[in-house]
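Position 1 is the first residue of the sequence; numbering continues from there.
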Amino acid sequence: MAAILIVEDDLTFSRILNAFLEKNGFDVKVKHSVKDGLEALGSASFALALFDYRLPDGNGLALLQKVRQEYRMPVVMMTSFNDVSTAVKAI
């Protein structure tokens, strides 16, 4: 069973994602801050990560940088923030 890390501060949305992914056979770990996401990355192996852009203690780009530097896994950046420059930075 593949493990997926979700870092999302919206509790309702993270619960929806978690329920859907677990129902489809994935092992899911949900965190709600950059700090907790970084700790999770250091303590387990994940096949995929879903990061929110806006988080209470920073943004998902910090997590994305860490993954690019130290881990080889796909990352999906999520946001309701409509800004082209943010999308370009993430790419």
Side-chain angles (χ1 to χ4, degrees):
M1 161 179 343
I4 297 176
L5 173 62
I6 298 171
V7 183
E8 168 64 64
D9 64 326
D10 182 318
L11 296 178
T12 302
F13 186 57
S14 63
R15 287 180 183 142
I16 291 168
L17 283 173
N18 185 24
F20 175 79
L21 292 168
E22 284 183 344
K23 182 179 177 182
N24 285 283
F26 295 97
D27 179 26
V28 181
K29 181 170 275 194
V30 179
K31 298 298 179 180
H32 303 287
S33 68
V34 171
K35 178 182 177 255
D36 291 344
L38 290 171
E39 288 176 4
L41 285 168
S43 66
S45 178
F46 298 97
L48 173 70
L50 304 172
F51 297 151
D52 185 16
Y53 176 73
R54 289 188 192 183
L55 294 162
D57 60 342
N59 65 51
L61 292 181
L63 292 165
L64 180 62
Q65 276 185 323
K66 184 75 167 179
V67 167
R68 284 182 176 166
Q69 291 170 356
E70 297 184 26
Y71 307 98
R72 297 195 49 86
M73 74 172 141
V75 173
V76 175
M77 292 296 299
M78 309 178 294
T79 187
S80 61
F81 187 59
N82 187 10
D83 178 35
V84 173
S85 67
T86 301
V88 171
K89 285 179 195 175
I91 292 171

Answer yes if [X] and [Y] sit in the same cluster of Ile, Leu, Val, Met, Phe, Trp and Tyr residues linked by side chain heavy atoms under 4.5 Å apart, and no otherwise.
X     : Y     : value
Val67 : Leu55 : yes
Val28 : Ile16 : no
Val76 : Tyr53 : no
Val75 : Val34 : yes

So which atom in [X] and which in [Y] form the shortest heavy-atom distance, rounded to 0.1 Å?
X     : Y     : answer
Gly60 : Met77 : C-CE, 3.7 Å
Ala47 : Pro74 : O-CD, 3.2 Å
Val30 : Ser14 : CG1-CB, 3.8 Å
Val7  : Gly37 : CG2-CA, 3.9 Å
Phe51 : Leu64 : CE1-N, 3.9 Å

Apply side-chain contact (heavy atoms from CB on, under 4.5 Å) to Ala44 and list each qualifying residue two or more places apart in sequence or on a separate chain.
-> Phe46
Check whether any side-chain heavy atom of Met73 lies under 4.5 Å from a side-chain heavy atom of Leu41, and answer yes or no.
-> yes
Is there a side-chain contact between Leu17 and Ile4, using heavy atoms and a 4.5 Å cut-off?
-> no
Salt bridge (Lys or Arg N to Asp or Glu O under 4.0 Å) with Glu39: which residues, sequence neighbours excluded?
-> Lys35
Results of side chain to side chain donor-acceptor pair (under 3.5 Å) for Asp36 - residues two or more places apart only | Ser33
State which residues pass side chain to side chain donor-acceptor pair (under 3.5 Å) with Lys66; sequence neighbours excluded, sorted by chain then number.
-> Glu70
Taking only residues at least two apart or on different chains, which pairs with a member in residues 43-52 satisfy salt bridge (charged side-chain N to carboxylate O under 4.0 Å, His left out)?
-> none
Any pair with a residue in residues 3-16 that passes salt bridge (charged side-chain N to carboxylate O under 4.0 Å, His left out), sequence neighbours left out, goes on the list, sorted by first then second residue, please.
-> none
Going through the checks in order, is the side chain to side chain contact (heavy atoms under 4.5 Å, CB included) test met by Leu5 and Leu63?
-> CA-CA 11 Å; Leu5 173 62; Leu63 292 165; over 6 Å; no
More than 12 non-hydrogen atoms from neighbouring residues, nucleotides or ligands closer than 6.0 Å to OH on Tyr71, yes or no?
-> yes
